[in-house]
Number of protein chains: 2
Amino acid sequence: MPRWPASDGDTASSVLDVAERLVQTRGFNGFSYADVAAELQLSKAALHYHFPGKAELGEALLVRYTLRFAAALETMGSQPLDAPGKLAAYANLYLDVLRQDRMCLCGMIAAEYQTLPEAMQAIVVQFFLDNETWLGRVLEQGLTEGTIGIGGSTEDTARSIVANLEGAMLVAWPFHDIDRFQTAASATITALRPAV
Amino acid sequence: MPRWPASDGDTASSVLDVAERLVQTRGFNGFSYADVAAELQLSKAALHYHFPGKAELGEALLVRYTLRFAAALETMGSQPLDAPGKLAAYANLYLDVLRQDRMCLCGMIAAEYQTLPEAMQAIVVQFFLDNETWLGRVLEQGLTEGTIGIGGSTEDTARSIVANLEGAMLVAWPFHDIDRFQTAASATITALRPAV
DNA sequence: GTCTATAACGAGATAGAC
DNA sequence: GTCTATCTCGTTATAGAC
């Protein structure tokens, strides 16, 4: 049981770990197989064994990320929390990403959308749709509870929440300033308080 | 006076025009000198005559863009409009970019921030700061007029507006859906109506 | 100002040994 | 599963002619 390479129970997932961080910090067009190989002290050929090409690596990356994200949402959704609590928890998912000095994976590649392999394009679109669906349910719960108040439809409000959080992250990113995200995120969430 | 190449009164600005569109659609890491040269039917060497390297081209691009944007803001700011009118005009600047099937130049490169030449990094940060400063003044005008109402400070609200519009654009981008931007943008602006 | 030619390098990918 | 070696191509950039 060697201590190095760490977590060699699965090289493929180590590759995904490194690639994921590189995409979230440099973008899909901003990293190469050589970057990943160097960091894991592997050859580029070894990477090609696990993922035939960069397109497949990118796709695997996005699939894993969106599955994890969906699982986190499912867990949060079934928690005994009121709607504002769930929305705060949702915003905290984004905050945690920034705390790791990363951009939202899907926000990053949304910018690069036009240059991506088709499989990746489809996944990023679905990611946003799934987020909006989940948020829409939380908003409905809040309306039922009387814990939130919204101007428009739950669908449009859900879209606004995703857009606002992604934008807060995008702008905070060059400033390397978490407070910048926090303030904008809080404003978005508190704007959903019920009218008195 | 030849009709082709069009606007050869200044090759450099034609280069900037093409490069600008490419950055706004594919990102700074998603286009090359060869792309620009092919489109203008020039050699790559000719591009290097006008801009020594890609870093200098990117910088020139951002300088021109931010100067134009600043000029547009200055014009709008001195217009005899109330604050809500100026905010709507501001949101329309973003809308016009999407209508050309482009992302906000600075939003795009904000995502790529960590991979950019330092000169470009400095300019994108300043772009957001200038936007927030302008918006802060409009919000102050609105408070004086009684035409807007905000929860927090003018500074934080200005930051939220920039973040919300950039985010609405980023998410609308993969969907290629202008309505998606419009709805989120309207929500952001109408949320600033004064409390009755 | 623009060209051709080419250098120098990096990225994505494959072949075949171990 | 991982390696070395190699291939092909694209990208940035320069040299020097016109």
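To find a chain, count down the sequence lines: A is the first, B the second, and so on, and within it residues start at 1.
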Selection: residues 112-121 of chain B, any non-hydrogen atom under 4.0 Å of DNA chain C: none
Atom [atom1] of [X] and atom [atom2] of [N]: how far apart are they, to the nearest Å?
{"X": "A:L42", "N": "D:dG1", "atom1": "CG", "atom2": "P", "result": "12 Å"}
{"X": "A:N29", "N": "D:dG10", "atom1": "CG", "atom2": "P", "result": "16 Å"}
{"X": "B:L22", "N": "D:dT11", "atom1": "CG", "atom2": "P", "result": "12 Å"}
{"X": "A:Y49", "N": "D:dT4", "atom1": "OH", "atom2": "P", "result": "18 Å"}
{"X": "B:R26", "N": "D:dT11", "atom1": "CZ", "atom2": "C1'", "result": "14 Å"}
{"X": "A:L57", "N": "C:dA13", "atom1": "CG", "atom2": "C1'", "result": "14 Å"}

Going by side chain to side chain donor-acceptor pair (under 3.5 Å), name the pairs with one or both residues in residues 69-87 of chain B, residues two or more places apart or in two chains.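 Non-adjacent pairs meeting side chain to side chain donor-acceptor pair (under 3.5 Å): B:K86-B:Q141.
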What residues, two or more places apart in sequence or in another chain, satisfy side chain to side chain contact (heavy atoms under 4.5 Å, CB included) together with [X]?
{"X": "A:E155", "value": "A:S153"}
{"X": "B:A37", "value": "B:K44, B:L47"}
{"X": "A:T66", "value": "A:C106, A:I123, A:F127"}

Qualifying residues under ring-ring contact (aromatic ring centres under 6.0 Å, His included), relative to B:Y33, sequence neighbours excluded: B:H48
Those residues that, when tested against B:H50, pass ring-ring contact (aromatic ring centres under 6.0 Å, His included) (two or more places apart): none
For residues 163-175 of chain B, run the donor-acceptor check on the side chains, cut-off 3.5 Å, and write out each pair with its distance to 0.1 Å, sequence neighbours left out.
from: B:N164; atom 1: ND2; to: B:T188; atom 2: OG1; distance (Å): 3.1
from: B:W173; atom 1: NE1; to: A:A111; atom 2: O; distance (Å): 3.3

Reading 5' to 3' through nucleotides 12-18 of chain D, protein heavy-atom contacts under 4.0 Å coded B for base, S for sugar-phosphate only, - for none: BBBB---
Close side-chain approach of B:F31 to A:T115, heavy-atom, < 4.5 Å: no
